[in-house]
Structure formats: C-alpha cells, structure tokens
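First up is the structure itself, then whatever we jot down about it.
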Amino acid sequence: MAIAGCAILSWPIMTSSQTPLPPVAKVQPHVVTSPHGDRQDEYHWLRDDDAKAKRPEIMAYLRAENAYTDAMLAHTEPLQRALVREMRARIKEDDSSVPVFDNGYWYSTRFDVGAEYPVHLRQRGSVDGPDAAAPLEGILDEPTLAKGKPFYALGGWAVSPDNQWLAWTEDTVGRRINTLRIKNLVTGAVLPAEIPGVLEDVVWAADSATLFYIRQDPQTLQSGPVYRHVLGTDPRQDVLVHDEADKTLFTSVGRTASREYIAIWMTGFTTTELRVVPAQAPHEAPRVALPRRENVRSYADHLAGRWIIRTNDRAKNFRLMQASDATLADPARWTELVPHRDDTTLEDFALFDRALVVQERAEANARLSVLPWNGQGGFTVQADETAFVMRLGPNLDPALPRARYGYDSMVTPHTVYDVDLATGARSLRKTQPVLGYERSLYDSARLWAPCRDQCGDGKRIPVSIMWRKDAFKRDGAAPLVLFGYGAYGYSYDPYLNTDALSLLDRGVAIAIAHVRGGSELGEGWYDDGKLEHKQNTFNDFVDVTRYLKAERWAGKVFASGGSAGGLLMGAVANQAGMEYAGISLWVPFVDVVTTMLDATIPLTTNEWTQWGDPRDKAAYERMLAYSPYDNIERKSYPPMLVHSGLWDSQVQYFEPAKYVARLRARKTDANPLLMHMDLESGHGGKSGRFERLRETAREFAFFLDLAGGQR
C-alpha cells in the first residue's frame, strides 16, 4: 500500500516468506487536456524535464523499482553471470576493423583486450592499399576520452581536406547532447574552444578552416539551426547558416561525393529539401538545390558534374534519376536511370568514378547491383543464402575501384566484402570473429505466415527463424523468443545475434516477425503499418505467434521489442497478452496520445506523419484505441520486464515508469512485472561493448527462468 504523503515505499518489503513486494507509486490526479476530451493521468507526477537532475521523490521511486527487480531476479544471478561470461567469451577482445580509404589515408578502429571503447587509427596510402612504410597514426583515443565517465558515445567525426585537423562530437550523458571538439593531427593538441549543445553531424569546407555543424534545439533535442565555425575564432561569433522553420523536419549536414558541395538536408517522413553551399566558398548563403514538394521524398548526391536522385515521385518503391546542376530543381527535366518496380524497393545508392552501386530490396532480402557509367557489364552481387542482407559499407572516396559492402544472415557472422566494379569479383576482407561459434551446429529458415486480412493484397508475413540443430526440437513444446519492430519503414533484418547463441544453445529458438510498418516487402508494407493502418502491425505480430505455435515451431513464445517495438509489445500485451509466456519491453513508446499532444517532447512533431496528428479527431481516436498506457485493463497480463534509461532523448523515461505504475495497479494476476531504469544511460542503453552484456543477460535470464529454468 502507499503511505500518505510519500511517493512510494522506497525499497522492496519482504513478507514473512521473504517474497519481495513491489513498490507502489502514489496516485496524484492530473488532467491531460485535448481538443477532443480530457483524460486522467494519475502518474503524471513522475515526469520531470530537468536536464540535469530529477526530483528526489522520482529518483526514490525509480531506485525502488530497480531494487525490486534485483530482488525478484536474485535467484537468476548465477545464470546471469554465466550468460555474461558466455557472451563475452564470444567477443574477440583485441579486434580491428577493415580499413576504409578516404582522401589519401586508410582509416580503421582497434579494440584492445579489456577495452570498452576503440582507438581510431589511420595510415597513409592510395586506393590500392595502405603504404606499408607509413606509420600507423592514432587520431582519436576513445578509452582515454571515456575514462571516468559512466557514459560515452562518439557522435560524428570528420578529417579536414588537408588531413591536418580532426573535428568530432561526443555525448557523455546519453541524451544525444553533444560537444564539438577539434584536434590538430600534426601536434596532437586539442583546441581549448569547445562547442556544447550540438548534434552529431560535422563537415569541413574545402579551406580546412571552416566547419558546419548543428546546434541542438534545447527543448526538442532532435534538430536545430546550422552554424558555421572558423578555426581560431570564438564560437560565440559563429554564423547562422540556416534555421528551418518547419519543426516537423529533421536537419542534417554532410558533403556530396564530389566534395564540391556542403549539403544541408531537411528531411521528414513525407518530404525532403536540399540546400547547398559551395565547399570552395563556405561563406556563401545556401541555395535551394532540390525544393521540397508535398508527399515527395527525394535524396540526391553529386559526382562528375551530375546529380543522381532517388525519388518516390510517381514511384512508390522509388526510382533513380539523373540531372545536371541546371536541371536539378526541375524534375520535369530529369532523366531516368533505374525505373520503378512493383516488386523491388530502391533503398540506397553510392557514387564512384567508375560506376553507380544500388542497394535494393526484394522478397525481404537487401541486395546490391552495380551499374557502370558506360552502360556495359552491369551485374547483381552474388549472395550465398536464400535469406540474407547486403548493405553498402562506408564508401568514402569515389576514386576506389571496388565497393565495400557488408553481408549478414541469421547464421552468418557479419562479413565484409569488396566487389570489383569492373569484373564483379568479390574479395573477402573480414568475417567478424565469433569465438567458439560452429556454424554447422545451427540452422535457419525463412517462413511465411498468413495474416488475418491476407495482408491486404494476398501477401504473407516474412518470418526469419534460427535454432540449434541438436538442442531444439520442433515438437510444439519448445520455447521461442520472437522479436519485432514494425515502424518508420525500417526493415528488421536477419543478422546473426551472437548474444542469442546462449538461448539457442539451451534449446530456445529465436525468430523475427517482419511485420507491416517495416519495408521488408516494399513501401506498401510500410504504409500498411502506420497511421490509420497501425493496428496491422499488432495483428501481424500476433498472427506470426499463432502460426509458429500451429506449425509446432514453439510451445511457449516470449516476445521482445524496443522503442517503437516497445509500443508493439505494449499493444500486444493489451490485446493478446496471454499468448505469451513473457514479454520484454525496451525503452518502450507506450504513452502515445499524451506524447503526440505535447510538442515540447522530443520527436513529437516529427512523428505526426507516423502515428497521426492528435489535433485531428479521427487521428486522436485511432491512437487512443491502441495506446498501451491508455488501454491497460483490469485483467491478467503475462510476466513482463521493462528496460529504460533515465536520459533517453527518444522515449522519455517517464513513459515506461508511468506504464509500469498503472499496469501494476490494474492487472489482476500475480505474474511478475519488473522494471530496470538505467540511471546513467539513454535510448541505446550502456555505451561500452561489455557493459551492455549485463542488460542482455537480465532479459535472457528472465525468459529462461520462465521457460523452466534452463541453465
């Protein structure tokens, strides 16, 4: 029970049998107003927008929840420690990345044994490879920068065109509030002038003295005005370059492949605009190169006097166009390079002196095609499996004769290839070591699950599944962990989850439900899982669950999802919760309506195109119908584990905190409801490569314990 005048009981209370009792959040009436009616939010008091500290009563509640979770999972501590040991043992601690070429240097990272963070290196060379006689130079030492900090994340970094200066951004809180720093690579000296409160992007002009960066909006955090800084000047004198008036758009800065332009992008989920500044004349005002058009998304890059544009103008799955500087602003004068296809989505492209490389997706697989500029000898890059993903790697210098790409599947560790742009010959550069992993012991498959509405056009839901051959039995009784996301058009690709090998080795299968809201089957798959069609995302996940059970792939199904996937988990818990033996929600977006009503919360206005603008009554009612926080009922729920971060800039900590408080007060079962609030991180959790393992082990131990205590 709650104590009058107190927020909570500040630590778990033990009964006579030593069973922990959960903390109880106080109830404090609060009205959330809207044009379409008021709602009560009895746990609104858990919100505190202070960027540096939260009220003591809030911290007491969060610490009590953490203590309760620790107490409830104390019996799994030996298992958690074993899982951490297993996961860490698979990591090659002294590991290096494949070097990447840019402007006369090959850049790489190196992890030393025991290090949470990498060291960044470079070596002089040519497109043919590093110069063996040139020294390996350290340019950025993350372990030193992170020393003594509970959180450290490198944002963006860029080397000046003359190779003399390094600019980088870093976050030491976890809230994406970065500081811009600059280092002289000749002397090693870091300039005393720092620029706080910036986003990750940073780009140099051709003079190697002028920097473009974005000052972060202190309220919404996600975007802000573009500024120009000149080395040696006071940052307070930096010049405003562009301040986007439409706050539903994100602003970013970069450079074109030709290095002739500084690119300032305004991008939304329904429109884009490109403004450019000549790299040789950084003090010029930006000009509109690619005007915004309603419901048209176009993305362009420049090389050898031509612009290549990926656009959905009269092309739902995108097509590729070409223009000159003179015709870029007039789509009627563009020429088509790659036409629209109903069965293939054009996802990305990279420009080289010799060829154009296109990343496209068909039947849920991402693949690459190479199109030489001379029109001869085009080809599709070879794949080795039926379910896989290829993604363009960092291809920073267009002079390279080979394109870098990554290849993955559920059973194949991340593999780096170079493909010759003229011959199509593949060169294996690296297969990521997974110590102790024997691929022959595991298998995977691509399944196709039916959906209740025939997915609108007769399609089925793709499902990627993996299991260990000698540990898993397809007998309708085995446990299975099902992952899902389904938002923003992001495809949940089938990578080898090396941490999950600890589940697979214990006879648990893992699967990914490629539900609507992602783009696995094209832009139509995305459209059918957003706005007025959002319920399809939840239906698909439940339909996949039932299919896996019916086809004897699973007996007990556990579900896991994060962020917008946490919304999926919350909606499924309300609508079909008892289909699951346990649900894990990571940084979950669960208070949809209240958040979408509040334009001061980061991401809100940017995402009206995804969920709906609650100022519109129909959109308000649609969101209210599925919002997890608003639809908690007095009924039984499955065991649930909620993970969050106090400094999350995407999903504010108070959403999961309020959700747990209300769910605990209303649910009628005795199943565990646990929350762990990391008090030192944000949306991505712990920043170190080993620190994060503890978070994963907590989830896996929770599932394994519920599955019968497999060790």
Side-chain angles (χ1 to χ4, degrees), residues 102 203 252-267 271-279 286-293 296-341 344-362 366-381 390-405 419-422 424 489 519 523:
D102 185 29
V203 61
S252 61
V253 294
R255 67 181 185 186
T256 59
S258 65
R259 305 170 196 245
E260 293 181 24
Y261 295 104
I262 307 299
I264 302 173
W265 280 101
M266 279 63 69
T267 58
T271 191
T272 58
E273 179 179 289
L274 170 64
R275 299 188 181 207
V276 296
V277 176
R287 66 174 175 86
V288 177
L290 195 60
R292 70 190 71 182
R293 291 187 287 157
V296 173
R297 291 179 288 154
S298 298
Y299 309 90
D301 200 0
H302 179 266
L303 184 66
R306 60 163 75 91
W307 288 93
I308 305 300
I309 310 105
R310 182 175 74 94
T311 182
N312 69 345
D313 182 16
R314 292 172 293 169
K316 189 175 188 65
N317 288 334
F318 290 87
R319 57 179 174 158
L320 216 58
M321 311 294 286
Q322 178 174 289
S324 66
D325 281 320
T327 63
L328 179 62
D330 183 4
R333 299 169 67 186
W334 297 353
T335 58
E336 189 173 76
L337 288 176
V338 179
H340 173 265
R341 290 157 290 175
T344 303
T345 305
L346 204 158
E347 293 188 328
D348 200 0
F349 67 91
L351 304 182
F352 296 84
D353 292 342
R354 296 166 173 79
L356 164 69
V357 181
V358 177
Q359 179 180 304
E360 54 195 19
R361 185 179 297 269
R367 67 193 184 197
L368 302 180
S369 294
V370 176
L371 307 174
W373 292 118
N374 62 14
Q376 300 177 358
F379 58 89
T380 297
V381 178
M390 291 183 190
R391 287 201 175 277
L392 284 163
N395 293 287
L396 305 179
D397 198 312
L400 285 162
R402 297 166 297 278
R404 172 72 48 80
Y405 72 94
V419 59
D420 190 286
L421 296 173
S519 292
E523 290 296 300

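Please read these numbers as outputs of a predicted model, since none were measured by experiment.
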Would you say [X]'s side chain and [Y]'s backbone share a donor-acceptor pair under 3.5 angstrom?
X	Y	result
Asn395	Gly393	yes
Asp301	Thr256	no
Thr272	Thr267	no
Ser519	Gly489	yes
His302	Ile308	no

Next on the checklist: Under the criterion side chain to side chain contact (heavy atoms under 4.5 Å, CB included), I'd like the reasoning laid out for Val358 against Leu337: C-alpha separation, chi angles, the key distance, then a yes or no.
Outcome noted: CA-CA 11 Å; Val358 177; Leu337 288 176; over 6 Å; no

Side-chain touch [X]/[Y], heavy atoms, less than 4.5 angstrom:
X	Y	answer
His340	Arg314	no
Glu347	Arg391	yes
Arg361	Arg367	no
Val288	Glu273	yes
Pro278	Val276	no
Leu351	Pro398	no
Thr345	Glu523	yes

From [atom1] ([X]) to [atom2] ([Y]), nearest 0.5 Å:
X	Y	atom1	atom2	result
Asp397	Arg404	CG	CZ	12.5 Å
Ile262	Arg255	CD1	CZ	9.0 Å
Ser258	Arg306	OG	CZ	11.5 Å
Leu396	Arg259	CG	CZ	7.5 Å
Ser324	Arg333	OG	CZ	6.5 Å

Checklist entry - Judged by modelled atom types alone, do Asp325 and Trp307 share a side-chain donor-acceptor pair under 3.5 Å? => result yes

Item to check | Any side-chain donor near an acceptor of the partner, Thr380 and Ser369, under 3.5 Å | outcome: yes

Where [X] and [Y] come nearest, the two heavy atoms and their spacing:
X	Y	answer
Val357	Ala403	CG2-CB, 4.0 Å
Gly424	Val419	O-CG2, 3.7 Å
Thr327	Trp334	O-NE1, 3.2 Å
Leu290	Ala300	CD2-CB, 4.1 Å
Ala355	Pro372	CB-CA, 3.7 Å
Arg354	Leu421	CB-CD1, 4.4 Å

Item to check | Ring geometry between Phe318 and Tyr299 (parallel below 30°, tilted from 30 to 60°, perpendicular above 60°) | outcome: tilted

Item to check | Pairing residues for Arg341 by the salt bridge (charged side-chain N to carboxylate O under 4.0 Å, His left out) criterion, not counting sequence neighbours | outcome: Glu360

Checklist entry - Are Arg275 and Trp265 in a cation-pi setup, meaning NZ or CZ lies under 6.0 angstrom from the ring centre and within 45 degrees of the ring axis? => result no

Next on the checklist: Pair Met390, Gln359 - check side chain to side chain contact (heavy atoms under 4.5 Å, CB included), show working.
Outcome noted: CA-CA 8 Å; Met390 291 183 190; Gln359 179 180 304; over 6 Å; no

Checklist outcome for this item: Sequence neighbours excluded, the answer for side-chain contact (heavy atoms from CB on, under 4.5 Å) partners of Ala422 is Asp420

Next on the checklist: Using a strict threshold of under 4.0 Å (side-chain N to carboxylate O), is an ion pair present between Arg293 and Asp313?
Outcome noted: yes

Next on the checklist: Working note: Leu346 + Val338, criterion side chain to side chain contact (heavy atoms under 4.5 Å, CB included); need CA distance, chi angles, decisive distance, verdict.
Outcome noted: CA-CA 9 Å; Leu346 204 158; Val338 179; 3.9 Å; yes

Next on the checklist: Tell me every residue that passes ring pair (Phe, Tyr, Trp, His ring centres under 6.0 Å) with Tyr405, counting only those two or more places apart in sequence or in another chain.
Outcome noted: Tyr417

Checklist entry - Would Leu320 and Ile309 count as a side chain to side chain contact (heavy atoms under 4.5 Å, CB included) if you check the C-alpha gap in whole Å, the side-chain angles of each, and the deciding distance to 0.1 Å? => result CA-CA 6 Å; Leu320 216 58; Ile309 310 105; over 6 Å; no

